[in-house]
Structures are given as C-alpha cells and as structure tokens.
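Every chain is numbered from 1, with letters handed out A, B, ... down the list of sequences.
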2 protein chains.
Amino acid sequence: MVRNHVLSKIEAGEWAEGARIPSETQLVDLLGVSRMTVHIALRDLSAEGVLVRRQGAGTFVAPRRSQSTFLELRNIHDEIEARGNRHSTEVLKLETVFCDLALATELNVPPGSAVFHSVLLHRENDRPLQIEDRFVNPRFSPDYLEQDYTRITPNVHLMAAGPLEEVEHVIQAVPADDTTRALLDMATGDPVLLLRRRTWSRGMIASSARLLHPGTRFSLAGRMRVAR
Amino acid sequence: MVRNHVLSKIEAGEWAEGARIPSETQLVDLLGVSRMTVHIALRDLSAEGVLVRRQGAGTFVAPRRSQSTFLELRNIHDEIEARGNRHSTEVLKLETVFCDLALATELNVPPGSAVFHSVLLHRENDRPLQIEDRFVNPRFSPDYLEQDYTRITPNVHLMAAGPLEEVEHVIQAVPADDTTRALLDMATGDPVLLLRRRTWSRGMIASSARLLHPGTRFSLAGRMRVAR
DNA sequence: CGGCAGTAGTTGCATATACAAGTTTATACA
DNA sequence: TGTATAAACTTGTATATGCAACTACTGCCG
C-alpha cells in the first residue's frame, strides 16, 4: 500500500527525481498505517534503488537512468517492463541481403550468400532507446522474416529456434551518424553506446546484432558476487 | 548479526545450496534476538538473492548466481602485457579529499569524511589508453597513499588488502571534456567509453573507480558459454 | 559578523505482540 | 487403502513502543 502510493507518485511525476518525499511520520498521518510499515516499505524501495535515504535528512527520489544488465541475456522488452515502463517496437527494415566479405566473416558463412536483415527501433515510453540492427543466419532460422516483431522481439524468436550455446559481446563508444542521431532523438555531439552481440547455436553463428543506444541516457550495468 | 551468521554458515559450506536453513523461531532461540529481527534479516537476504523463502515451507539457500567471465577483474597491466605491448603509468594525483554528498553516497560513507583519491594515466606503448580516477575507502586500505603506482596498479594493492566479495560495473558512452581529450590524445568529437567499477570487500565498499578510455581505439569484449 | 550549542525533526534499529496465509504431517474415518 | 480433516509449524504482515544516530536549523553569545 505504501509502496504503491510512493511508486505511483513517482510514476505520475508528482515527485520528481532528487525531490524530497514526505517523512515517515507524514506518510503515517497521510495513509493511516503505522510507522514501521512505512519504514519497511521505504527501506525496500531504497534497496531497490528507487529511493535514496539519508539518516536525519530525509528520503529522496533516486536519479534514474535506463540501465541494462549485460551479464544476463534478457531481451529489451523484459528490461523495460521490469522498470515499469511501456515498450514498443517499430520495424524499420525486414529483408534479405547478400553478404559482402566483412559480413560473411562476421557470420562465418560463404561470401555472397543470402542472410536475413532486420532493423528495429525500440522505445521506452515512446522515447527511443535502442536501434537493433541484426543479421540472422537463414540456416538457423528459415522463418525469421515471417515473424511479427511488434509483438515478440527477435531475441525471443531466436531463443525458441535453438538452444543458446555461446555469446560474444563487444562494447564500444562511437560518434553518432546523422541517421542514428535522428532515430534515437539525440543532441549533436552526443555519443552512441554500441553493443555488438553474436550468438552461437547448433554449432553455427545464429545471429549478429548491433545494438545502438543513446549514450546520455543509457548505461549497461551488472553486479555480481565473486565466487567463494 | 543474524545476517553475518547466515552468510558465514553458507560461506563455510555448512548450509549447502538448496538446503533448508533453521526456521525463524529456531534462529531466535539460537541467537537470542527477536523474531522480527531475524525476519527482517532473512527478508533482506532473500531480496538479494542469497536465500529463497516459501511461506509455510521454510527458508532455503538460493542456487548461486551464474558467473560470467565477461569483464573479469584483470588489471590493465596484464591486459597490455598479454598483447605483447609495454605498459607505463603516470601518477597525476594522489591525495586525500573530503567527500561531498554524491561521493558519500557512492562510497556509502558519511558525508564530509576523508577518502583517498588517485588519478593515474595508463599508456600502452606510450599511447594513452586509460585514465583511472579512483576513490578509496580509508577504512579498507589505510596505506593506500603510500604505494608506488608506477610499479604496481591500485588494483593489485587493493586485492591484497582484502578479499573481493562483490563487483558492480556500469558502462556508459559520454562526450569527452577538454582535459580528458588532451590526456587521452583524442580528436575533437570522439566519445569516451566510461567504465565505472565499484568493489565490495569486508562488508564495505572498498573502492569506486572511473575508467575512461578513448572510444575510437578501445572496446570491451567478452565471450562466454551459456549454462544449460 | 562568526562560531557555538541547543533543539526539533528525521531515519535506523531492535523488541514484543497479534493474527493471516500457506505447507507439511499426523490422525480419524469411511 | 484412500480421503478428508485437523493440528502443528512456517513465513508474511501490521501494529505499538522505545531509543540511538544523524541532520538541519535557530538563536544565543562573544
């Protein structure tokens, strides 16, 4: 109850980032519950990174930046939904191309062979967050082009097409070209965070993707316990 | 107290993965604290993924988190030497600072307390490759400022100061400011790949570092087999 | 004007109590 | 033997209370 109240206030924008929220005793009067109940709820939200609490000073809305975990292979849909936001996809390209030498090497297929190519734009609450530029090995997923990617992500389809065996990630910071800047709604001079991801399945390279993110409002994050 | 008891039991292997641990009331008798205290502690550990709780059934040790070799803690010296190149370090700053609110939050120490600060420039074959801007908790490593960082990296010193328990990584692409651009020998408009790394040891945040790399000639890469 | 002490207000933490909700085990009965 | 019921046990949640630790502010005094 306290939790929902706080989250909805933040969601609605009434309590902005960095703003101080009512004290525990004020929330007690407001919601008619005991202080411990309020305390536990705020404590949990603090542990989750939604709030920041400072003893003696007050409770504040934590600054939020879109984050993606790179340790797990979650698809962007789940990432966004997990943050309580709305995910939507726009299909920009869905085609067959014949690969040049570089692409052939990248996918480990013969040069000139046909491969599938898709370009999607993912939005978080209508704000563009990722361009997903993907090449897929047709031998791995022959029906890749027939899917409705406004409903499922390519990730989901590919995971269903075969067991994931190996993943390769390369992360880079690159300047934004004009097309990218326009699509991602970025300011001039802002950099792009580029995540290249190749996946192996059934002994072949199933897919190679370039995931482009606006550097100013996106970061990759991961936290792990070290082996004991 | 309850927390440490549980963690040490798991650490020691007395409570194995998936095993059921004593009930709340049993821990009350065992440790001589109230049930609510036990409950809160177990609740937190459950939120952190260390335990799994099922109402009516009991509390169990959670299966360990999947470990990734991606972004393992190799220090930059080994990275460069592994490529057959020469590594050199220049010490730009080595000082004590009093932390403001943001830094205090980052390190989880009281605002205004003294922390150690170092800024190093790492070169690969005399070409700048990384600015290492690091804050260290003096409680964790009191003799941090007395080391010779042209001979060993801070990473090596910190690893020797205590067992690494947890690591947090955040990766961002950011524009380069003038100082950074000059130090890293970058062209105007080139982005910076920023890796923020926080490490936990002996129950506290030992260190928080900002590692800045020239985006055009640096990338983070990792490849991992997926667990089945 | 600057520094100091006091004070009100805030979060942090532990306790004691009560009941709800879910699971497992034991028992009674057909 | 199989099923239904009951009891015992476990975690989940909410409340009321007390005090410690810390912060920010006010006002006093030199």
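Among residues two or more places apart in sequence or in another chain, the side chain to side chain contact (heavy atoms under 4.5 Å, CB included) test is passed with A/Arg54 by A/Ala57, A/Phe60, B/Leu101. Among residues two or more places apart in sequence or in another chain, the side-chain hydrogen bond (donor to acceptor under 3.5 Å, both in side chains) test is passed with A/Ser88 by none. Here B/Ser201 pairs with nothing under the side-chain hydrogen bond (donor to acceptor under 3.5 Å, both in side chains) rule; sequence neighbours left out. For B/Asp44, the side-chain hydrogen bond (donor to acceptor under 3.5 Å, both in side chains) partners are A/Arg43, not counting sequence neighbours. Residues passing the side chain to side chain contact (heavy atoms under 4.5 Å, CB included) test with B/Thr89 are B/His87, B/Leu120, B/His122, sequence neighbours excluded. Listed by chain and residue number, nothing satisfies the side-chain hydrogen bond (donor to acceptor under 3.5 Å, both in side chains) test with A/Asn4 (two or more places apart in sequence, or in another chain). The side chain to side chain contact (heavy atoms under 4.5 Å, CB included) check on A/Val174 picks up A/Gln172, A/Val192, A/Leu194, with sequence neighbours excluded. With sequence neighbours left out, the side chain to side chain contact (heavy atoms under 4.5 Å, CB included) criterion links B/Thr179 to B/Asp177, B/Leu183.
Between A/Tyr149 and A/Tyr144, a ring centre-to-centre spacing shorter than 6.0 Å is recorded.
Once rounded to the nearest 0.5 Å, the distance linking CG of B/Leu212 with CD1 of B/Ile131 reads 5.0 Å.
The distance from atom CZ of B/Phe60 to atom P of D/dT10 is 11 Å, rounded to the nearest whole Å. Here D/dT11 presents its P atom at 17 Å from CD1 of A/Ile40, a figure rounded to the nearest Å. In this entry the distance linking CG of B/Leu101 with P of D/dC22 reads 15 Å, nearest Å. Taking atom NE2 of residue B/His39 and atom C1' of nucleotide D/dA14, one finds them 11 Å apart after rounding to whole Å. The distance between atom CG of A/Leu31 and atom C1' of D/dA14, rounded to the nearest whole Å, is 14 Å.
Salt-bridge check for A/Glu24 with A/Arg53: passed, with a basic side-chain N closer than 4.0 Å to an acidic carboxylate O.
For B/Arg43, whose side chain is taken as the heavy atoms from C-beta onward, the closest listed nucleotide among D/dT13, D/dA24, D/dG12 is D/dT13.
Contacts between chain B and DNA chain C, taken as any atom within less than 4.0 angstrom of a protein heavy atom, begin and end at C/dA14 to C/dT24.
Between B/Arg53 and D/dG12 there is a side-chain N or O to OP1 or OP2 distance below 4.0 Å. Proximity of A/Ser34 to the phosphate of D/dT15: a side-chain N or O atom is located under 4.0 Å from OP1 or OP2.
Counting any heavy atom pair closer than 4.0 Å across all strands shown, B/Pro110 reaches no nucleic acid atom.
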Pairs under 3.5 angstrom, nitrogen or oxygen only, protein versus nucleotides 3-6 of chain D, please.
none

Between protein and nucleotides 17-20 of chain D, what N or O pairs are separated by less than 3.5 Å?
none

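With hydrogens and angles left out, the side-chain atoms of A/Ser141 and A/His157 include a donor and acceptor closer than 3.5 Å. No side-chain N or O of A/Thr59 forms a donor-acceptor pair with one of A/Arg20 less than 3.5 Å apart. Remark: the B/Thr150 side chain and the B/Asp148 side chain contain an N/O donor-acceptor pair separated by less than 3.5 Å.
A heavy atom closer than 4.0 Å to some atom of DNA chain D occurs in B/Arg20, B/Ser23, B/Glu24, B/Thr25, these being the qualifying members of residues 20-27 of chain B.
Projected onto DNA chain D by closest heavy-atom contact, A/Met1 and B/Gly56 fall at different nucleotides, the more 5' of which corresponds to B/Gly56.
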